[in-house]
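Note that the structure is a prediction, hence the values are computed from the model and not measured. Each chain gets a letter, A, B and so on, in the order its sequence line appears, and its residues count up from 1. Note: hydrogens, waters and symmetry copies are ignored here, and every other heavy atom, side chains too, is used.
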Number of protein chains: 2
Amino acid sequence: MTQEPRYRRIAEELRKAIIEHAYGPGGRLPSEGTLAEQYAVSRGTIRQALMLLRHDGLVTSRRGTRRVVLDDAPVQDFAQMQSFARWARSIGEVPGGLVIRQGWYPADAEEQRSLRIGDDARVLRVLRLRRLSGRPAMLERTSYPEAVGAIVEPLRTDTVSVTEFLERGGVYVADAEHTIDLVRADAEDAEHLECEVADPLLRERRRTTDPAGVPLEWSEDRYLPGSIAFVVHNSLASTPLTRQHMMPGAGSDFGSGSGSGSGSGSES
Amino acid sequence: MTQEPRYRRIAEELRKAIIEHAYGPGGRLPSEGTLAEQYAVSRGTIRQALMLLRHDGLVTSRRGTRRVVLDDAPVQDFAQMQSFARWARSIGEVPGGLVIRQGWYPADAEEQRSLRIGDDARVLRVLRLRRLSGRPAMLERTSYPEAVGAIVEPLRTDTVSVTEFLERGGVYVADAEHTIDLVRADAEDAEHLECEVADPLLRERRRTTDPAGVPLEWSEDRYLPGSIAFVVHNSLASTPLTRQHMMPGAGSDFGSGSGSGSGSGSES
DNA sequence: CAGTGGTCTAGACCACCGG
DNA sequence: CGGTGGTCTAGACCACTGG
């Protein structure tokens with residue numbers, strides 16, 4: 001039962017206390033030494049716990065002063081960020097998923113690079129519409145490498161959560177990289193998202209890998225504006241956020257929806 | 001001279017080795033024990049170094065196996081993300097800044113909340129146009145609390161980097177929270193960014209705090225599309241990325257540029 | 001100045017992965 | 001099974017903050 005490491009459980013207790021405003025905001029946490037005594041663990045363990053809160057932007061840390069509680073950050077866990085369905089449920093919406101088209105194709109250059117596969121490899125391309133309580137919210141073009149595709153392919157087309165299915169099969173996501181920018185809807189986007197061609201959409205391109213570093217999927221998701229925002233926290237301690245320059249004309253493809261990446265099924 | 005802690009210097013050496021493809025990608029790092037010997041430090045110090053690379057998404061880590069090198073991540077340091085000018089230089093562009101309007105105003109509700117100040121506090125609102133090598137790239141509406149505003153106010157209107165100026169004054173940013181979504185240009189946006197009213201823009205709302213947790217600025221930046229993307233890395237180890245739901249009608253303000261937040265100078 | 005967090009050590013035990 | 005990383009301990013010294 002008690003398989004969660006000590007420092008994680010301590011971090012959870014502290015997080016809860018903070019969210020319930022036991023200290024702040026602006027309040028000071030007990031010192032590491034005091035906490036170590038209270039929890040009857042060594043200072044190192046306490047530091048590990050506090051590190052978690054630090055990375056989530058819940059507390060500061062400076063030599064010389066006690067840690068200060070920051071405002072509540074909109075903290076989600078990794079699992080929730082990784083799965084559209086889980087996220088939807090957490091905000092009280094009913095997630096819907098529907099596969100519009102899927103099939104095996106030879107990997108194009110972008111897929112070969114992103115999924116780290118050879119130029120003779122096949123990928124499963126899936127075009128999927130995501131709904132929030134019935135309303136179209138996002139159109140997802142995903143490419144899976146052979147091994148993962150074989151698991152995903154036989155799924156019912158209305159499977160709500162692919163991520164959760166993969167987890168039951170022992171496939172876990174450990175890392176993800178997201179690129180967020182703006183594109184305009186192509187004909188396919190407009191049809192399924194029920195908007196006009198050339199309407200602006202929020203685009204998230206995503207590459208996920210398993211704990212061994214093996215790429216699991218490469219996806220381009222296009223969100224209708226007004227329903228979603230991305231929130232990022234960064235700090236001196238850890239900075240996963242980056243601006244990226246785009247060569248004029250490249251990157252932000254207007255119109256040609258299948259673009260360079262995982263266009264899904266426009267072929268045939 | 002040797003003031004950088006040991007583990008950071010080790011991390012830098014390893015990062016360099018990785019970027020120069022001394023191991024991978026896909027290659028395996030030496031074990032922690034081996035590295036500890038090589039650098040003549042304890043295993044704990046090596047683990048601290050590796051933790052940095054882990055959070056940057058450069059290597060994996062799993063019990064039982066050696067760490068695996070992932071693809072090169074687009075790693076920037078915090079300072080670069082924090083400063084438009086520094087970022088611009090790093091991609092070989094010439095940053096430009098021009099204050100269009102600034103002035104002191106009573107803090108509105110949003111500013112009071114974001115900057116954690118009372119309802120009788122004043123803020124300095126600055127409307128600033130940012131250029132990349134001459135071309136308009138971003139329009140920035142920033143609100144500073146009294147203390148910071150007093151430092152920023154006397155600056156020349158063409159000051160390229162406010163961040164760098166503040167650092168010279170001993171003001172350092174330690175934490176930031178970013179919310180990214182899509183809006184349409186209002187009249188003010190269109191005028192200065194040289195686009196049409198209602199053109200889509202990428203919006204980044206940002207709140208930064210100093211090492212003690214005191215809010216330093218609250219800003220709403222609007223980028224012309226096609227010139228920038230945001231890249232986020234997240235992992236089981238640390239997940240600062242979040243989707244956020246928006247109430248229909250709220251959040252994504254169309255038109256009223258000064259929105260709920262730090263509208264700058266539309267008043268008068 | 002006393003108290004705090006940042007760094008570092010040297011050791012221990014365990015869970016897990018691969019051969 | 002041996003080797004690996006994950007967890008945890010008990011101590012030490014230092015840099016910095018604040019009164």
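With B:W218 as the aromatic partner, B:R207 does not meet the cation-pi criteria of under 6.0 angstrom to the ring centre and within 45 degrees of the ring axis.
Using a 4.0 Å cut-off, some side-chain N or O of B:Y7 falls inside it from OP1 or OP2 of C:dT7. Side-chain nitrogen and oxygen atoms of B:R66 include at least one within less than 4.0 Å of the OP1 or OP2 phosphate oxygen of D:dT4. Regarding contacts with the backbone of C:dT9, a side-chain N or O of B:S42 is found under 4.0 angstrom from either OP1 or OP2. The phosphate of D:dT7 has neither OP1 nor OP2 within less than 4.0 Å of any side-chain N or O from A:T45.
For B:R43 against D:dG6, a side-chain-to-base donor-acceptor contact under 3.5 Å is present.
Across all strands shown, B:R67 has heavy atoms under 4.0 Å from sugar-phosphate atoms exclusively, and none from any base. If you check every strand for non-hydrogen atoms under 4.0 Å, B:R47 touches a base.
A salt bridge links A:E110 with A:R113; the closest basic N to acidic carboxylate O contact falls under 4.0 Å.
Separating the CG atom of A:L50 from the P atom of D:dC8 is a distance of 14 Å, rounded to the nearest angstrom. Between B:R9 atom CZ and C:dT7 atom C1' there is a gap of 12 Å when expressed in whole angstrom units. In this structure, CD of A:Q48 is placed 15 Å from C1' of C:dT7, rounded to the nearest angstrom. In this structure, CZ of A:R62 is placed 19 Å from P of C:dG3, rounded to the nearest angstrom. Between the CZ atom of B:R28 and the C1' atom of D:dG3 there is a distance of 12 Å, rounded to whole Å. One can place CZ of A:R6 at 18 Å from C1' of C:dA12, the figure rounded to the nearest angstrom. To the nearest angstrom, C1' of D:dC13 lies 15 Å from CD of A:E32. Across the protein-nucleic acid pair, A:L35 atom CG and C:dT4 atom P stand 11 Å apart, rounded to whole Å.
Ring centers of B:H55 and B:H233: at least 6.0 Å apart, outside the cut-off.
A donor atom on one side chain and an acceptor atom on the other are not found under 3.5 Å apart for B:T142 and B:E217.
Side-chain proximity of B:R63 to C:dA15, D:dC8, C:dC8: nearest is C:dA15. The nucleotide whose nearest atom lies closest to any side-chain atom of A:T65 is, among D:dG18, C:dT9, D:dG6, D:dG18. Proximity note for B:S31 (side chain, C-beta onward) versus D:dG5, D:dT7, D:dT9: the nearest is D:dG5.
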Exercise for review: Show the numbers, then the answer: is there a salt bridge (Lys or Arg N to Asp or Glu O under 4.0 Å) between B:E4 and B:R9?
Suggested key: CA-CA 7 Å; B:E4 274 287 289; B:R9 280 178 291 150; over 6 Å; no
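Both A:G64 and A:I46 lie close to DNA chain D; mapped to their nearest nucleotides by heavy-atom distance, the more 5′-ward contact belongs to A:I46.
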